[in-house]
2 protein chains.
Amino acid sequence: MEDYGPYKRANLRDVARHANVSVATVSRVLNKSDRVSKATRERVQSAIEALGFVPSAAARTLNSGRSRTIGALVPTLTHSIFARYLDALEEELSNQGYALIVAVTDGVPELEESKAFGLLDMGVEGLVISGNRHTSGFDALVERFRVPVLITSFFEPSARYPTIGYDNRAIAANAVNFLRALGHKTLSVIHGPPDVNDRISARIDAARAAAGGLSMNFLPTTMDVAGGANAVRELIASGQRPSALLCLSDVQALGALFELQRQGISVPDEISVMGFDNLEWSAVSEPGITSIELPAVEMGQKAAASLIDWLKTGQRASSMALDATIIERASTKEQN
Amino acid sequence: MEDYGPYKRANLRDVARHANVSVATVSRVLNKSDRVSKATRERVQSAIEALGFVPSAAARTLNSGRSRTIGALVPTLTHSIFARYLDALEEELSNQGYALIVAVTDGVPELEESKAFGLLDMGVEGLVISGNRHTSGFDALVERFRVPVLITSFFEPSARYPTIGYDNRAIAANAVNFLRALGHKTLSVIHGPPDVNDRISARIDAARAAAGGLSMNFLPTTMDVAGGANAVRELIASGQRPSALLCLSDVQALGALFELQRQGISVPDEISVMGFDNLEWSAVSEPGITSIELPAVEMGQKAAASLIDWLKTGQRASSMALDATIIERASTKEQN
DNA sequence: CTACCAAATGTAACCGGTTACATTTTGATA
DNA sequence: TATCAAAATGTAACCGGTTACATTTGGTAG
């Protein structure tokens, strides 16, 4: 390991020569396929051992035409919802003998296109993408490479590619209805930048559409804990006091909770707070945050399974809707 | 995209035939290297266009011997410290034309070995690994594939492979000394399972070694928000009341903070709380959590740069220590 | 002892690019 | 118009495996 430097890896022909057999025989030993006599097999094995032979992935890929890699494009890794999803995706792919190449797009469609090109150029057999805002160049790329593409994080059967995810619109509407059912009349919605992420904009639109009868206002902010805190600070500073706060992400809900606490406003007595994503701390915070459990792990598994199936059978995968569940905790209460 | 099914991708010879030139000429056009007459170049370009030609990554890799991929092994993706690190690693590698293949080991050395094999077998040119507990099989693997390996997350110049990271021992000692300097005499240390992760065990050992004069006890728990909360619950239930709590991870500090709050114990007036990792919420929580900033992003960048340099020059990378800084916030205060 | 079949092994083409070297074309100069 | 270097293009080997097909070997039945 010290200096692994200039050194020529032994190849199959070297092994063959060393073992006094033909390349075909060595290949057969490697693929434990055909019958090779025990004596020969052992001779080959020891030649492999002696030369430290390691088969070349590229050569194998070249004539099988299969690279056994899948590319994933995600906006970021630092959101635990994506991390959980990727974790599951990787695990399932790995079980099936595929490796996962990850590329981060920062939610920028142009970056997505160029990273997608990089992945395809690298020879991935398929792509899994979070988000649905693509450049036309991206579509052209897919067209050209003729590779299966799966979209995750939202469900939309009419999309250009099969989608596996939850119905962000329905879920956001459910959340609004949940608060309405509790008797809330004035609602502030804290959300991240809608132009970066179509999941976010779907949630916003649906919340707005479900507003019927409620007084609802929207507070755009950044997609992090500090964002939630800032939004609340501005809200309170502006003198408004909604009876409930709907945060379209739990990170923001956490920040909101902290800020309300800092301002001495009691949750849920004075304001109810509801989050989205059911991140791990939401169950443990004081008070626990009512949230919506998104099946990130299931999504990763399903995506992996669908894509591999697509590759195996050549049959386009079909879209799949996953259920989300409202988890009621202490941060919301009835209002009358 | 509908049925991308049975379809033979055009290859370089097809293009050559279609454009009435030789394969060498096509290759030259592709690599924009040598001079090709404008007329010919255009003819080739349009043949490429017409046939939807896409060069094969495998073939290119085969004769260049370079796959342009790097493998990363991490215990998990769901810890934001790893996510930040990977994010940076990916970005830097991508800038240099390398793709990142991620494999998750769950902190299990045997899994690490088998995933490492998978990556090497896939043809990665180098490995970046978080953690330092390897099987001997892993070392043998590296020996055999003769591939550069870099260890991150801790600094240890005498390790078998170059390490890039922070000195967990020194940092933990600093944390203890910081609390001692504030006048704390009784200290409880909340930490994750030491057997899964050598960074954790290094921190524990160093804290213990730095205890001199302090009354210190250790509370093992799980590595998540709930773990911090549970540890505090048990601590308080057992009737102990240290003046300060050192959590060897911010996720645990957050859980501890919530639980203390739930129990009506004021931070920092009754108990000071100190964390580790400076996660994003630590600045925003109420009170803000005193923590230690670990340079995860810098670590990712440095690791990428070192590895690529190693690949380019053939010169083994050297270990590198990164600085960590204590960020003092409202969760700790002087004790007398 | 020969014929014959199965098992074992070998030969060579092929996957799809790159590239050293050979050959042809172009165009400028004498 | 002959000459020659530079530019353009072509030929074929090579990277390291896999595999269809050919050949050799071994054992058994006739």
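In what follows, chains carry the letters A, B, and so on, assigned in the order in which the sequence lines appear, proteins first and then strands, with residues in each chain numbered from 1.
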Handout entry: D/dA8 OP1/OP2 closer than 4.0 Å to side-chain N/O of B/Thr25
Key = no
Practice task
Decide salt bridge (Lys or Arg N to Asp or Glu O under 4.0 Å) for B/Asp87 and B/Arg84; before the verdict, give the C-alpha distance in whole Å, the side-chain angles of both, and the deciding distance to 0.1 Å.
Solution key: CA-CA 5 Å; B/Asp87 227 342; B/Arg84 266 156 63 203; over 6 Å; no
Problem - Among C/dG17, C/dT9, D/dT19, the nucleotide that comes nearest once only the side chain of A/Ala24 is considered - result: D/dT19
Exercise for the section: Report yes if a side-chain nitrogen or oxygen of B/Ser27 is closer than 4.0 Å to either non-bridging phosphate oxygen (OP1 or OP2) of C/dT18; otherwise report no. Expected result: yes
Exercise for the section: Specify the separation, in whole Å, of atom CG of A/Leu12 and atom C1' of D/dT19. Expected result: 12 Å
Problem - Verdict with supporting geometry, B/Asp14 and B/Phe53, side chain to side chain contact (heavy atoms under 4.5 Å, CB included) - result: CA-CA 9 Å; B/Asp14 297 331; B/Phe53 167 75; over 6 Å; no
Problem - d(CZ, B/Arg66; C1', C/dG17) in whole Å - result: 16 Å
Problem - Minimum-distance nucleotide to A/Ser37 side chain [options: D/dG17, C/dT9, C/dG17] - result: C/dT9
Practice task
Calculate the interatomic distance between A/Lys38 atom NZ and D/dG26 atom P; express it in whole Å.
Solution key: 18 Å
Handout entry: Carboxylate-amine/guanidinium contact A/Arg60 B/Asp121, below 4.0 Å
Key = yes
Exercise for the section: Send over the distance from A/Arg28 CZ to D/dT18 C1', rounded to a whole Å. Expected result: 10 Å
Problem - Distance below 4.0 Å between B/Ser64 side-chain N/O and C/dG17 OP1 or OP2 - result: no
Problem - Donor-acceptor pair present, B/Arg9 side chain and C/dG16 base, under 3.5 Å - result: no
Exercise for the section: Please tell me which of B/Arg43 and B/Leu62 maps to the more 5' nucleotide of DNA chain D, matching each residue to the nucleotide holding its nearest heavy atom. Expected result: B/Arg43
Exercise for the section: Give the rounded distance in Å between these two atoms: CZ of A/Arg41 and P of C/dA8. Expected result: 10 Å
Practice task
For B/Thr152 and B/Ser130, test the side chains for any donor-to-acceptor distance below 3.5 angstrom and give the result as yes or no.
Solution key: yes
Handout entry: Nearest-nucleotide comparison on DNA chain D, the residue closer to the 5′ end among A/Phe53 and B/Arg13
Key = B/Arg13
Problem - Any A/Asn11 side-chain nitrogen or oxygen under 4.0 Å from OP1 or OP2 of D/dG16 - result: yes
Practice task
Go through the steps for A/Leu119 and A/Leu73 under the test side chain to side chain contact (heavy atoms under 4.5 Å, CB included), then give the verdict.
Solution key: CA-CA 9 Å; A/Leu119 291 175; A/Leu73 289 160; 4.0 Å; yes
Exercise for the section: Ignoring backbone atoms, test whether B/Asn63 places a side-chain nitrogen or oxygen under 4.0 Å from the OP1 or OP2 oxygen of C/dG16. Expected result: no
Practice task
Give the nucleotide from the list C/dG10, C/dT11, C/dG16 with an atom nearest to the side chain of B/Ala59.
Solution key: C/dG16
Exercise for the section: Give B/Val54 one of three labels, base, sugar-phosphate or nothing, depending on what nucleic acid heavy atoms sit under 4.0 Å from its own. Expected result: sugar-phosphate
Practice task
Report yes if at least one side-chain N or O of B/Ser56 is closer than 4.0 Å to OP1 or OP2 of C/dG16; otherwise report no.
Solution key: no
Problem - Nearest to side-chain heavy atoms of B/Arg60, which nucleotide of C/dT11, C/dA8, C/dT18 - result: C/dT18
Fill in the blank from the handout: Rounded to whole Å, CG of B/Asn20 lies from C1' of D/dT11 at a distance of 16 Å
Exercise for the section: Tell me what B/Val21 touches on the nucleic acid: a base, only sugar-phosphate, or nothing, going by heavy atoms under 4.0 Å. Expected result: sugar-phosphate
Handout entry: Side-chain donor-acceptor contact under 3.5 Å, A/Thr61 with A/Ser67
Key = no
